[in-house]
Visitor: 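Here you go, one structure.
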Amino acid sequence: MIEALKQNYGYLFEPPLLEEISRVGQLKKVPEGFQLMDIGEPIKGMPLILEGAIKILGEDEKCNELVLYFIERGDTCAMALSCCVGLAKSEIRAVAETDTVLVMVPVEKMESWMATYKSWRQFILQSYHDRLMEMLDTIDSIAFLKMDERLLRHLRDKAMITHDDVIHTTHQDIARDLNTSRVVISRLLKKLENQGKIQLFRNSIRVIDL
DNA sequence: ACATTAAGTGATT
DNA sequence: AATCACTTAATGT
């Protein structure tokens with residue numbers, strides 16, 4: 001596991017920190033679709049992704065969920081940081097987007113490391129910033145009700161995460177992620193296909209040019 | 001052959 | 001953009 005850590009985080013963290021992570025963290029492998037965290041659940045640790053990607057969903061009063069952002073290798077869940085500020089419950093739901101390998105670090109550690117390792121501190125602040133920016137993006141695309149742009153962004157993210165130009169999903173699933181109806185997604189996808197940007201199949205979409 | 005699920009389309013709000 | 005109603009095609013039993 002120390003090997004895998006070095007490979008993905010070696011350029012960020014100094015050796016002593018890497019060793020401490022491997023000593024105190026626990027390695028987890030989860031299959032695609034696995035729910036790692038749910039709304040209202042206490043946050044037991046913060047995840048460092050080694051392989052794969054995780055989808056972060058939020059939920060409104062009426063149980064409508066939508067994708068806020070994705071995290072992949074080298075990222076961590078910004079929501080786990082709110083533990084430091086005393087909030088213990090998760091406001092989000094985390095679902096593995098692909099088969100994923102990650103290391104769970106206990107919350108107590110992340111706080112003390114903030115003081116002792118400058119690389120850790122910088123990593124936390126940086127990823128907090130990144131996630132916040134990503135969320136601002138999604139928020140204003142929602143605010144202006146531009147579903148076509150939201151869909152494009154979603155496809156781009158999915159293709160990026162998978163490192164594959166073929167996205168394995170259904171129109172219905174996308175509709176759920178963006179909290180809209182399947183019909184709307186089907187129509188917009190059809191439009192994108194006519195523009196030559198994608199190619200549609202049953203249960204999958206090939207990305208040509210986004 | 002039949003049921004189920006994914007996707008396409010027109011019309012309406 | 002959402003909803004309804006209906007069709008068509010692919011897949012599973």
Side-chain angles (χ1 to χ4, degrees), chain A residues 28-41 47 49 51-73 75 77-79 89-102 128-210:
Chain A
K28 281 186 102 176
K29 292 181 189 194
V30 298
E32 176 180 341
F34 184 87
Q35 194 170 74
L36 287 147
M37 216 173 275
D38 202 356
I39 296 159
E41 232 175 61
I49 286 92
E51 203 83 44
I54 293 172
K55 177 167 72 178
I56 304 298
L57 305 125
E59 197 178 61
D60 70 6
E61 324 77 44
K62 293 190 158 53
C63 293
N64 299 124
E65 54 179 17
L66 79 161
V67 172
L68 297 177
Y69 51 81
F70 292 92
I71 54 179
E72 51 188 326
R73 78 158 43 140
D75 285 332
C77 176
M79 198 37 84
K89 300 192 299 333
S90 172
E91 297 291 325
I92 51 88
R93 171 173 298 147
V95 179
E97 177 70 13
T98 65
D99 291 354
T100 301
V101 182
L102 56 95
Y128 194 83
H129 174 263
D130 290 347
R131 244 59 307 140
L132 191 62
M133 284 328 206
E134 231 174 303
M135 239 171 84
L136 281 178
D137 263 13
T138 53
I139 285 171
D140 73 51
S141 71
I142 292 168
F144 288 97
L145 296 175
K146 286 179 282 193
M147 190 48 93
D148 51 349
E149 282 184 21
R150 292 179 60 197
L151 176 61
L152 264 164
R153 217 169 91 84
H154 193 71
L155 291 176
R156 236 189 320 254
D157 285 350
K158 282 203 157 227
M160 184 108 51
I161 277 167
T162 322
H163 308 111
D164 192 348
D165 59 347
V166 177
I167 299 165
H168 183 84
T169 185
T170 64
H171 298 184
Q172 182 64 66
D173 281 342
I174 298 172
R176 257 198 301 273
D177 282 350
L178 300 180
N179 189 25
T180 179
S181 64
R182 189 222 99 223
V183 194
V184 171
I185 297 300
S186 290
R187 290 210 164 106
L188 291 172
L189 285 173
K190 197 79 214 159
K191 201 156 58 180
L192 289 174
E193 188 180 36
N194 292 333
Q195 288 168 16
K197 297 191 173 189
I198 58 174
Q199 204 175 350
L200 297 174
F201 305 95
R202 179 180 240 247
N203 285 314
S204 62
I205 299 165
R206 160 169 276 120
V207 171
I208 310 287
D209 174 39
L210 291 182

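These numbers come from the heavy atoms of this one structure, side chains and all, not from hydrogens, waters or symmetry mates. Below, read A as the first sequence line, B as the second, and so on, with proteins coming before strands; counting in each chain starts at 1.
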Visitor: When the distance from CD1 of A:Ile198 to C1' of B:dA7 is rounded to whole Å, what number comes out?
Guide: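 Interatomic distance, CD1 of A:Ile198 to C1' of B:dA7: 13 Å.
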
Visitor: Reading DNA chain C from 5' onward, which residue's closest nucleotide shows up sooner: A:Leu188 or A:Arg182?
Guide: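 Result: A:Leu188.
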
Visitor: Given salt bridge (Lys or Arg N to Asp or Glu O under 4.0 Å), test A:Glu51 with A:Lys29 step by step and report yes or no.
Guide: CA-CA 9 Å; A:Glu51 203 83 44; A:Lys29 292 181 189 194; over 6 Å; no

Visitor: Kindly point out which of B:dG8, C:dA1, B:dA7 is positioned nearest to the side chain of A:Val184?
Guide: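 Per side-chain heavy atoms of A:Val184, the pick is C:dA1.
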
Visitor: Base, sugar-phosphate alone, or nothing: which one does A:Ser181 contact when heavy atoms must sit under 4.0 Å apart?
Guide: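 Since a base atom lies under 4.0 Å of A:Ser181, the category is base.
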
Visitor: Write down the distance between CD1 (A:Ile174) and C1' (B:dA6), rounded to a whole number of angstrom.
Guide: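 So the CD1-C1' distance, A:Ile174 to B:dA6, works out to 12 Å.
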
Visitor: What is the distance from CG of A:Leu192 to C1' of B:dA7, rounded to the nearest Å?
Guide: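 Result: 15 Å.
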
Visitor: Please determine whether a side-chain nitrogen or oxygen atom of A:His171 lies at a distance below 4.0 Å from atom OP1 or OP2 of B:dT5.
Guide: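 No, outside the criterion.
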
Visitor: Less than 3.5 Å between a donor and an acceptor, one on the side chain of A:Arg202 and one on the base of B:dT5, is that the case here?
Guide: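 Result: at least one qualifying N/O pair found.
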
Visitor: What nucleic acid atoms does A:Leu189 come within less than 4.0 Å of, heavy atoms only: base, sugar-phosphate, or nothing?
Guide: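 The answer is nothing, as A:Leu189 stays clear of every strand by at least 4.0 Å.
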
Visitor: What's the CG-P distance between A:Asn203 and B:dT5, to the nearest Å?
Guide: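 Interatomic distance, CG of A:Asn203 to P of B:dT5: 13 Å.
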
Visitor: Write down the atom of A:Ser204, the atom of A:Val166, and the distance for their closest heavy-atom approach.
Guide: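 Answer, listing the atom of A:Ser204 first, then A:Val166: CB-CG1, 4.0 Å.
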
Visitor: Quick one: is C:dA2 close enough that its OP1 or OP2 comes under 4.0 Å of any side-chain N or O from A:Thr180?
Guide: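 True: A:Thr180 side-chain N/O within range (under 4.0 Å) of C:dA2 OP1/OP2.
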
Visitor: In whole Å, I'd like the distance from the NZ atom of A:Lys146 to the P atom of C:dA2.
Guide: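 Going from NZ in A:Lys146 over to P in C:dA2 covers 15 Å.
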
Visitor: Provide, to the nearest angstrom, the distance between the CE atom belonging to A:Met147 and the C1' atom belonging to C:dT3.
Guide: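 Computing the A:Met147:CE to C:dT3:C1' distance gives 14 Å.
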
Visitor: Just the rounded figure in Å: distance from C1' of B:dA7 to NE2 of A:His168.
Guide: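 Spelled out: NE2 on A:His168 to C1' on B:dA7 is 15 Å.
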
Visitor: Taking the side chain as everything from C-beta on, heavy atoms only, tell me whether A:Asn194 gets closer than 4.5 Å to A:Lys191.
Guide: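 Side-chain contact under 4.5 Å: no.
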
Visitor: Which heavy atom of A:His154 sits nearest to which heavy atom of A:Ile174, and what is that distance?
Guide: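 The pair with the smallest heavy-atom distance is CD2-CG2, 4.0 Å.
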
Visitor: Please state how far atom CZ in A:Arg187 lies from atom P in B:dA11, giving the value in whole angstrom units.
Guide: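 For the pair A:Arg187 CZ and B:dA11 P, the rounded distance is 11 Å.
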
Visitor: Would you name the heavy atoms of A:Glu193 and A:Lys190 that are closest together and state the gap between them?
Guide: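 Heavy-atom minimum between the residues: OE1-NZ, 2.9 Å.
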
